[in-house]
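Numbered from 1 within each chain, the chains take letters A, B, ... in sequence-line order.
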Amino acid sequence: MVAMNDKFLKPYNPQETEPRIYKMWEESGFFNPDNLPARHQEPFTIMMPPPNVTGILHMGHALMLTTEDIMIRYQRMQGKKALWIPGTDHAAIATQSKVEKEIYKKEGKNRFELGREELLKRVDQFAKDSHDTIISQVKTLGSSCDWSREAFTLDENRNLAVRTVFKKMYEDGLIYQGHRIVNWDPKGQTTISDDEIIYTEEKTKFYYLKYGPFTIATARPETKFGDKYVVMHPEDKRYAKYKHGQKIDLDWINGPITATIIKDEVIDMTFGTGVMTITPWHSKEDFDIAVRHNLDKEQIIDKYGKLLPVAGEFSGLKITDAREKIIEKMKAKGLLEKEEDYVHNIATAERTGGKIEPQIMNQWFVAVNKPFTLAHSDITGIKSGTKTTLKEIMRKTVDQGQIKIIPDYFSKTYFHWIDNLNDWCISRQIWYGHRIPVWYRGTEIFCSEEAPKGDGWVQDEDTLDTWFSSALWTFSTLGWPEKTEDLKIFHPTDVLETGYEIIFFWVARMIMMTGYNLGTVPFKNVYFHGTVRDGQGRKMSKSLGNGMDPMEVAQKFGTDAGRLALIIGTAPGTDSKIDENKIRGYKNFANKIWNITRFVLTSIESFDLESKPELTPKDQKILAELQIITKEVTTDIDEYRLYMASEKIYHYIWHTFADIIIEESKGALNGSDEVAKKSIQYTLYEVLKTNLKLLHPFMPFVTEEIWANLPHKNKSLLMIETWPK
RNA sequence: GGGCGAUUAGCUCAGCUGGUUAGAGCGUACGAUUCACAUUCGUAAGGUCACAGGUUCGAUUCCUGUAUCGCCCACCA
């Protein structure tokens, strides 16, 4: 006799169930692969892309965590030694600027008034609070990750990894210091990398200025004070009478100067007047021209965005204030020929919104094209002990198929980026982050993991780009540079699951750093998920007020429902839309399977679970079809088609199991044929059990709760049950 | 300016390597339901698979071009 738990008489209650089940999982210890039963030998690893400690999780995080949890739960049930390491990211600039803004709002102080030590104290506290919130949210979403191995990109172990890598690359000449043109953010008071720039359209004036016998066009007259080179294309017939290197005296903004003619092929003869003057200190293109012809470079704008003494009477003015005044003066001097309206893209800093002012500064860079010897290599196409470059590592690993990108078309984007890649500026003039492990004493310079002995050494003030430590994530989380057992077992990892928007920031740099430090790949597969949008396809944002809080979803509909709503219909790499109706549908589905269980358990009350009755042909057919579905679902998950797998299970449970199998079972259940009755009782229970297993990775809570209340003996937690064949 | 992707039922999308009547979910319409279901079940609605060519015995599915939309990259002074 089988007694049904009374709880099935009421509708499924996710709010009560989910926290209780999560606690049970945690206490079981099975999130940690070391505690799994002996059959779990072959490793399967995912490193969680660490959420920034800048706030709370959004639906994008929920999609990420759900996708990864499905993969991990599935592999765990497949008998893999499944490891999913969770963590958080200090997100240097993002976090510091957020805290800075708050302090300024409340106390009216900027970071320089506060001081390095005090600011770091505040940021640390903020990061800690934020971390705690995030962790509890990750748990609410059902993530079966190993909390005993949790990591933070700025903790001691990760810092050691960073220092170790820096030193090694410094000694290999792959990290170098140099006066080069960088993206300076006057608002954030730091450099940023090319990838942290966002271009926004700006309407402005385009001025045509008389420069001796020439007319030059510019949108930025305030940078023109020091311009003493005038550049044109060598084949431009209009200017054929001027010779390269020729000197010309002319009257400029603040009086007479001597200009030098430069001929260079980068000039576009069709744009403007085909002539331009250059400002090498504040323009990448101009800088390149200056380097090519060995020209002088002069700084015009300081790091606060103010004009330097070279601007004469305009010295000390902010560039925006100076512009009009300069134009007035030029007009008065008769140097302004005409002005036009003009729309162009200006570079702004992603985090602060500051207008980027290129500057020549002494910064640290990673050389991506410089050859070095890779001592040990498991990378296809690069032999151990041969010369290679970081760029080649990035290219070969994907090109040769050692890393598979899903969906495949993103590899095109990836290669395109690599082709245009320049050296990576890694130093930042902010305080929150990994401090550069370099010390100076007079003209001496010292780089190592630890500070040098002796007096008078001063450490470099700068910190590293946050992506530097992120780039080490797959191996720094496993204990590198120690040669740990974990590293041996779990690396390379199996899947990197992340958003396509960080393919360059993170994915490429992980490949580069892992190739360089370990001579291998960080992961075998990259799975990109898309952006989660609202029901109308708009990006969720605070200003639109259309954001959806995963915690509210969990509260209102249950995490399981939210998970399924995020996964079904979401092919890798494509954006997905989600609204409450969709989630409500899957909440009903959770209740549907709850009721199916109720029906099945009521129907088998007289059945002996230990027996294996003779099956009717009809029931044999049902079980055979179930096996086909099982195979299809398994293949879909193996090939990362989670959206298909989940939909198939959903469809099978609702429209085959409930609508057909159960409906048609009623006759036999209520009939007098004992053989048919026993047969369908057995079949119903088998179908239920298999479906719970198939559904578990997708809807872990409701399935585990039902499983716990099934009457058969010798069962373990559903999360470590064997995946059906 | 360069690159990538999308265009399939009212809406949101599937359709993997080309093949009999092109699918799902939601929505809509009608009907049935206190017999597992804070409901559920059944039935239905007639989409030139953006457009134009091509390859093929045969294309929504492959190729070329066009149009519209979206995303990414980019130093046009």
Side-chain angles (χ1 to χ4, degrees), chain A residues 4 8-13 181 183 194-195 197 199 206-209 216-220 223-224 227 230-232 266-279 282-289 342 344-345 347 356 358 407 409-417 419-422 500-501 503-504 530-531 533 535-537 539 564-565 568-571 573-579 581-582 584-603 632 635-636 639-641 643-644 647-648 650-651 654-655 658-660 662-663 665-666 669-670 684:
Chain A
M4 185 180 71
F8 287 109
L9 297 176
K10 290 181 195 158
Y12 174 60
N13 178 352
I181 193 143
N183 309 305
D194 294 346
D195 303 289
I197 288 178
Y199 289 93
F206 202 46
Y207 303 101
Y208 287 79
L209 306 175
I216 60 161
T218 181
R220 301 205 54 191
T223 64
K224 297 291 164 199
D227 288 9
V230 57
V231 192
M232 61 211 67
V266 299
I267 299 297
D268 179 353
M269 289 186 270
T270 64
F271 186 80
T273 57
V275 182
M276 71 172 192
T277 62
I278 57 168
T279 317
H282 302 290
S283 156
K284 172 78 165 55
E285 188 185 29
D286 295 1
F287 178 83
D288 290 343
I289 294 172
Y342 184 56
H344 69 153
N345 289 330
I356 296 304
Y409 57 77
F410 275 112
S411 39
K412 290 182 194 167
T413 312
Y414 176 81
F415 289 129
H416 189 253
W417 179 77
D419 290 341
N420 298 307
L421 186 61
N422 292 316
Y500 58 73
E501 67 276 6
I503 181 168
F504 311 131
T531 306
R533 298 169 180 278
Q536 294 162 50
K539 230 175 181 165
L564 213 55
I568 291 187
T570 305
T574 48
D575 294 352
S576 58
K577 300 180 179 66
I578 192 165
D579 57 31
N581 277 335
K582 192 173 176 188
R584 188 174 294 113
Y586 296 117
K587 177 187 155 68
N588 290 346
F589 178 61
N591 197 51
K592 184 78 185 177
I593 188 156
W594 186 257
N595 274 297
I596 287 171
T597 307
R598 173 176 166 184
F599 177 84
V600 171
L601 293 187
T602 315
S603 307
E632 285 179 16
T635 307
D636 282 339
E639 291 172 8
Y640 299 100
R641 294 190 297 264
Y643 64 103
M644 288 198 101
E647 194 174 335
K648 265 180 200 155
Y650 170 87
H651 207 255
W654 200 310
H655 299 295
D659 290 350
I660 299 173
I662 285 185
E663 284 309 317
S665 75
K666 288 175 183 173
L669 287 170
N670 298 320
L684 287 175

Report yes or no: does D579(A) contribute a side-chain atom to a donor-acceptor pair with the main-chain N or O of K582(A) at less than 3.5 Å?
yes

Using a 4.0 Å cut-off on protein heavy atoms (strictly under), produce a 5'-to-3' string for nucleotides 28-34 of chain B with B for base contact, S for backbone-only sugar-phosphate contact, and - for none.
-------

Across all chains, not counting sequence neighbours, the side-chain contact (heavy atoms from CB on, under 4.5 Å) partners of P11(A) are N591(A)

With sequence neighbours left out, what residues match H416(A) under ring pair (Phe, Tyr, Trp, His ring centres under 6.0 Å)?
none

Below 3.5 Å between N/O atoms, which protein atoms pair up with nucleotides 70-74 of chain B? Just atom names and distances, please.
{"unit_1": "rA74(B)", "atom_1": "N6", "unit_2": "N345(A)", "atom_2": "ND2", "d": "3.1"}

Could you tell me whether the phosphate oxygens of rA38(B), OP1 or OP2, come under 4.0 Å of any side-chain nitrogen or oxygen in N588(A)?
no

Watson-Crick or G-U stems of RNA chain B, 3 or more pairs, under 3.5 Å, by first number:
B:1-7 with B:67-73, B:10-13 with B:23-26, B:28-32 with B:40-44, B:50-54 with B:62-66

For rC13(B), take OP1 and OP2 only and decide whether either is under 4.0 Å from a side-chain N or O of K582(A).
no

Could you give the distance separating rU28(B) and rG65(B) at their P atoms, to the nearest angstrom?
44 Å

Has the side chain of K592(A) got a donor or acceptor that lies under 3.5 Å from a partner of the other kind on the base of rC37(B)?
yes

Could you say whether A217(A) or A571(A) is positioned toward the 5' end of RNA chain B, judged by the nucleotide with the nearest heavy atom to each?
A571(A)

side-chain N/O K224(A) vs rA77(B) OP1/OP2, d < 4.0 Å:
no

Under the side-chain contact (heavy atoms from CB on, under 4.5 Å) test, residues paired with Y342(A) that sit two or more places apart
T204(A), F206(A), A219(A), F271(A), H344(A)

Among the nucleotides rU40(B), rA38(B), rC76(B), whichever has the atom closest to the side chain of W654(A) is rU40(B)

With W417(A) as partner, the option from F410(A), F504(A), Y500(A) fulfilling ring-ring contact (aromatic ring centres under 6.0 Å, His included) is F504(A)

Kindly say if K587(A) contacts the phosphate of rU39(B), meaning a side-chain N or O under 4.0 Å from OP1 or OP2.
no

Taking side-chain contact (heavy atoms from CB on, under 4.5 Å) as the definition, give me every residue that meets it alongside E501(A), ordered by chain and number, with sequence neighbours left out.
none

Any residue meeting ring pair (Phe, Tyr, Trp, His ring centres under 6.0 Å) with Y207(A), in chain and number order, not counting sequence neighbours:
none

Between rA67(B) and rA44(B), how far apart are the two P atoms, rounded to whole Å?
43 Å

Touch check for Y12(A), heavy atoms < 4.0 angstrom, all strands: base, sugar-phosphate only, or nothing?
base

Close N or O pairs between protein and nucleotides 60-64 of chain B (under 3.5 Å):
none

Under the rule for ring pair (Phe, Tyr, Trp, His ring centres under 6.0 Å), what residues qualify as partners of F8(A), not counting sequence neighbours?
W594(A)

Could you work out the separation of rC63(B) and rG25(B) based on their C1' atoms and round it to a whole Å?
34 Å

Do any N or O atoms of the protein come closer than 3.5 Å to N or O atoms of nucleotides 22-26 of chain B, and which pairs are they?
{"unit_1": "rA24(B)", "atom_1": "O2'", "unit_2": "E647(A)", "atom_2": "OE2", "d": "3.1"}
{"unit_1": "rG25(B)", "atom_1": "OP1", "unit_2": "H655(A)", "atom_2": "NE2", "d": "3.4"}

What pairs with K284(A) under side-chain contact (heavy atoms from CB on, under 4.5 Å), at least two apart in sequence or on another chain?
I181(A), D288(A)

Would you check if the side chain of T279(A) reaches a backbone N or O of H282(A) as a donor-acceptor pair within less than 3.5 Å?
no

If we take the P atom in both rC16(B) and rU68(B), what is their distance in whole Å?
28 Å

Pairwise P distance for rU64(B) and rU55(B), with rounding to whole Å
15 Å

